[in-house]
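The structure under discussion appears below in the form of structure tokens.
Given the structure is predicted, the values throughout are model-derived calculations rather than measurements. Note: hydrogens, waters and symmetry copies are ignored here, and every other heavy atom, side chains too, is used.
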Amino acid sequence: MENTERERTERALRLESLKKRRDFLAAQSGLRAHSPAFVLTRSKSANQSGETRVGFTVTRRIGNAVVRNRIKRRLRAAVGAVFSENAAAGFDYVLIARRSAATRNFASLLDDMKRVLLRLSALPK
RNA sequence: UCAGACGGCCGGACGGCCGCGGAAGGAAACUUUCGAGGAAAGUCCGGGCUCCAUGGAGGCAAGGCGCCGGGUAACGCCCGGCCGGAUCGCCCGGUUUGCGGACGGUCCGAGGGAAAGCGCCGCAGAGAACGAACCGCCUUCUGCGGGAGGUAAGGGUGAAAAGGUGCGGUAAGAGCGCACCGCUCGUCCGGCGACGGAUGAGGCAUGGCAAGCCCCGCCUGGAGCAAUGCCGAAUAGGGAUCGCGCGUUCUUCGGAACAGGGGCGCCUCCGCUCCGAGCGGUCCGGGUAGGCAGCUAGAGGCGAUGCGCAAGCAUCGUCCCAGAUGAAUGGCCGUCCCUUCUCCGGAAGGACAGAACCCGGCUUACAGGCCGUCUGACGCG
């Protein structure tokens with residue numbers, strides 16, 4: 001069951017990465033904001049570790065292994081550039097990639113991410 | 001020079017600034033160094049490695065393989081041959097449409113056995129195989145419609161039609177006879193062998209399909225790195241041990257009497273029956289999450305020399321070249337190389353595709369480029 005799920009969605013890590021399936025599910029059931037290349041979700045409450053953790057979800061529908069790897073790397077690079085200043089500390093984030101994440105201009109990707117983080121902060125708790 | 005076929009190779013290059021994974025050094029900050037592919041893919045074969053099973057030999061079943069020799073750890077892979085087929089060139093016989101044979105080039109072939117047996121051979125065609133008569137041909141009979149007999153030369157059908165061509169022969173024909181070619185069998189010679197050559201005999205009915213069953217020969221235990229080994233929380237449960245406790249009295253320590261609690265639908269009495277322990281500490285073994293090992297120096301890469309037609313092998317030298325585990329290669333910039341678009345200033349993009357224990361193969365995907373061989377066209381000498 002877990003195995004087939006893993007095969008179907010294939011997730012990745014960074015910053016302090018999410019590793020457990022239940023952590024992914026928790027973050028995805030929290031707050032949610034959309035952008036052209038990805039969807040960003042954040043857990044409802046801070047985790048125990050106090051560190052900001054990020055996970056990536058790139059489903060098999062997006063493309064083959066090469067495309068999925070590229071998307072994870074680009075999103076990871078964007079997170080590294082933006083999160084330290086703009087993200088809420090201690091929360092779990094999950095980025096769900098869309099197809100255009102592979103080709104969207106990187107500067108636009110950074111703008112998207114800043115905007116989406118602001119929107120999440122503005123939403124009611 | 002261009003085009004096509006086949007084979008082999010490469011598959012964007014260099015640099016800068018931020019980051020990522022491993023290793024080494026360091027007390028640390030950090031430094032140094034390495035970091036995806038020819039297919040990493042499909043998981044189709046062959047092995048290494050690990051665990052399980054397994055006395056020896058033989059037989060049966062199932063599955064796989066199938067010309068010969070060599071290469072290899074091994075293979076269903078590779079190399080070199082043989083044979084067969086397709087095609088092109090050239091020569092010869094013959095003839096002038098065609099046909100047969102020899103030689104050479106290129107390509108293709110799951111290429112043992114079809115006079116062991118069974119089965120199948122659509123459509124067309126008379127007939128697709130216990131040697132066949134639709135038309136035709138010949139002989140003969142006739143009531144002129146046709147009948148009987150002979151005949152595989154000709155026509156027609158088909159992927160395939162009962163050895164081929166020619167001459168003789170005949171009523172017409174036929175290996176019926178002869179020559180050449182082909183076939184089968186024998187002998188001799190050459191070759192390790194598949195097989196080839198020569199020669200003799202036999203006129204020589206006995207089609208194709210075995211990636212249909214089958215026959216013959218050879219090979220074969222099973223599962224896989226989520227293998228397997230080690231370490232090992234929290235929580236629950238198991239065992240050992242210590243402390244306190246385990247109603248009262250008696251005891252020969254087995255128990256007995258009384259008291260207490262529960263059940264027999266409910267209340268009272270009586271009767272019967274059942275229950276009487278735990279709590280805390282320490283330690284032990286199994287074992288889950290998790291962690292470590294397996295995990296990368298290898299049938300290894302590169303170079304030289306020697307052997308071999310080649311696949312490849314041997315010797316020497318030299319190099320260390322990913323080891324992640326929600327899984328490391330990214331972002332930005334500059335110069336150059338290609339491709340596309342263009343308002344000629346520039347803009348966009350870089351084939352197929354991402355290691356997961358490791359090798360040898362096969363298959364499939366692949367923009368563009370380079371080299372070689374062959375064929376054709378044009379040009380030059």
**Item:** B:U87: pairing nucleotide in any strand, Watson-Crick or G-U under 3.5 angstrom
**Value:** B:G105
**Prompt:** If we call it a pair only when both distances are under 3.5 Å in a Watson-Crick or G-U wobble match, what pairs with B:U373?
**Reply:** B:A5
**Message:** Checking base pairs now: Watson-Crick or wobble, both atom distances under 3.5 Å. What partners B:U31?
**Reply:** B:A24
**Request:** Determine the interatomic distance between C1' on B:C362 and the same-named atom on B:G381; round to the nearest Å.
**Result:** 50 Å
**Item:** Closest non-hydrogen atom pair between A:Arg99 and A:Ile62, with its separation
**Value:** NH1-O, 3.5 Å
**Asked** When the P atoms of B:C181 and B:G101 are considered, how many whole Å apart are they?
**Response** 12 Å
**Separation of the P atoms in B:U165 and B:G66, to the nearest angstrom** = 39 Å
**Request:** Take A:Ile71 and A:Phe56 through the side chain to side chain contact (heavy atoms under 4.5 Å, CB included) test and state the conclusion after the steps.
**Result:** CA-CA 9 Å; A:Ile71 287 175; A:Phe56 300 87; over 6 Å; no
**Message:** When you measure from the side-chain N and O atoms of A:Arg73 to the phosphate of B:G354, is any distance below 4.0 Å, counting only OP1 and OP2?
**Reply:** no
**Prompt:** For B:G224, which nucleotide in any strand shown is its Watson-Crick or wobble partner with both distances under 3.5 Å?
**Reply:** B:C49
**Asked** Should A:Leu120 and A:Tyr93 be marked as a side chain to side chain contact (heavy atoms under 4.5 Å, CB included) after you check the CA-CA gap, both sets of side-chain angles, and the distance that decides it?
**Response** CA-CA 11 Å; A:Leu120 277 189; A:Tyr93 289 89; 4.0 Å; yes
**Request:** Pick the P atom in B:C321 and in B:G35, then give their distance to the nearest Å.
**Result:** 7 Å
**Syn/anti label of B:G186 as read from its glycosidic torsion, with the cut at 90° from 0** = anti
**Asked** Does A:Thr41 reach the main-chain N or O of A:Gly30 with its side chain, forming a donor-acceptor pair under 3.5 Å?
**Response** no
**Request:** With C1' as the reference atom in both, quote the distance from B:A39 to B:G21 in angstrom, rounded to an integer.
**Result:** 25 Å
**Fill in**
Closest heavy-atom pair, A:Val116 versus A:Ser35, reported as atoms and distance to 0.1 Å, is CG2-CB, 3.8 Å
**Item:** B:G12, syn or anti by chi within 90 degrees of zero
**Value:** anti
**Item:** Side chain of A:Phe106 - closest among B:G354, B:A328, B:G331
**Value:** B:G331
**Under 3.5 Å on both distances, the Watson-Crick or G-U partner of B:A353** = none
**Request:** Using the P atom on both, measure B:C10 against B:C183 and round to a whole Å.
**Result:** 49 Å
**Request:** Indicate syn or anti for B:A36, taking the glycosidic torsion and treating anything within 90° of 0 as syn.
**Result:** syn
**Request:** Name the orientation of the base relative to the sugar in B:G168: syn if the glycosidic angle is within 90° of 0, else anti.
**Result:** anti
**Item:** Syn or anti conformation of B:C374, syn meaning chi within 90° of 0
**Value:** anti
**Partner nucleotide, any strand, of B:G381 [Watson-Crick/G-U, under 3.5 Å]** = none
**Fill in**
From CD1 of A:Ile62 across to P of B:G354 the rounded distance in Å is 16 Å
**Request:** Please report, rounded to the nearest Å, how far the C1' atom of B:G331 is from the CG atom of A:Asp111.
**Result:** 15 Å
**Message:** Does A:Arg98 form a side chain to side chain contact (heavy atoms under 4.5 Å, CB included) with A:Arg104? I'd like the steps, not just the answer.
**Reply:** CA-CA 10 Å; A:Arg98 290 179 165 172; A:Arg104 188 164 173 81; over 6 Å; no
**Message:** Using the C1' atom as the point on both nucleotides, what is the distance between B:C180 and B:G156, in whole Å?
**Reply:** 31 Å
**Shortest non-hydrogen separation from A:Ala37 to A:Leu109 and the atoms involved** = CB-CD1, 3.6 Å
**Message:** Atom CZ of residue position A:Arg70 - does it have more than 12 heavy atoms of other residues, nucleotides or ligands inside 6.0 Å?
**Reply:** no
**Request:** Measure across A:Ala102 and A:Arg74 and return the closest heavy-atom pair with its distance rounded to 0.1 Å.
**Result:** O-NH1, 3.4 Å
**Request:** Measure the distance from CZ on A:Arg70 to C1' on B:G349 and round it to the nearest whole Å.
**Result:** 12 Å
**Asked** Has the side chain of A:Ser100 got a donor or acceptor atom that lies under 3.5 Å from a matching backbone atom of A:Pro36?
**Response** yes
**Prompt:** Does A:Ala107 or A:Val67 map to a spot on RNA chain B nearer the 5' end, using the closest nucleotide for each?
**Reply:** A:Ala107
**Request:** Return the nearest nucleotide to the side chain of A:Ala77; candidates are B:G331, B:A353, B:A328.
**Result:** B:G331
**Request:** Calculate the interatomic distance between A:Asn64 atom CG and B:A355 atom P; express it in whole Å.
**Result:** 10 Å
**Request:** Provide, to the nearest angstrom, the distance between the CD1 atom belonging to A:Ile71 and the P atom belonging to B:U329.
**Result:** 15 Å
**Item:** Base paired to B:G69 (Watson-Crick or G-U; both N/O distances under 3.5 angstrom)
**Value:** B:C79
**Message:** Without decimals, in angstroms, what is the distance between A:Asn69 CG and B:A324 P?
**Reply:** 17 Å
Please tabulate the protein-to-nucleotide N/O contacts below 3.5 Å involving nucleotides 37-44 of chain B, giving atom names and distances.
none

**Request:** Output yes when at least one side-chain N/O atom of A:Arg74 is less than 4.0 Å from OP1 or OP2 of B:G330, else no.
**Result:** no
**Request:** Scan every strand shown for a Watson-Crick or G-U wobble partner of B:C188, both distances under 3.5 Å, and answer none if you come up empty.
**Result:** B:G197
**Message:** Could you tell me how far apart A:Lys72 (NZ) and B:U329 (P) are, to the nearest whole angstrom?
**Reply:** 10 Å
**Message:** Can you check the distance between B:G197 and B:C67, where both ends of the measurement are the P atom (answer in whole Å)?
**Reply:** 22 Å
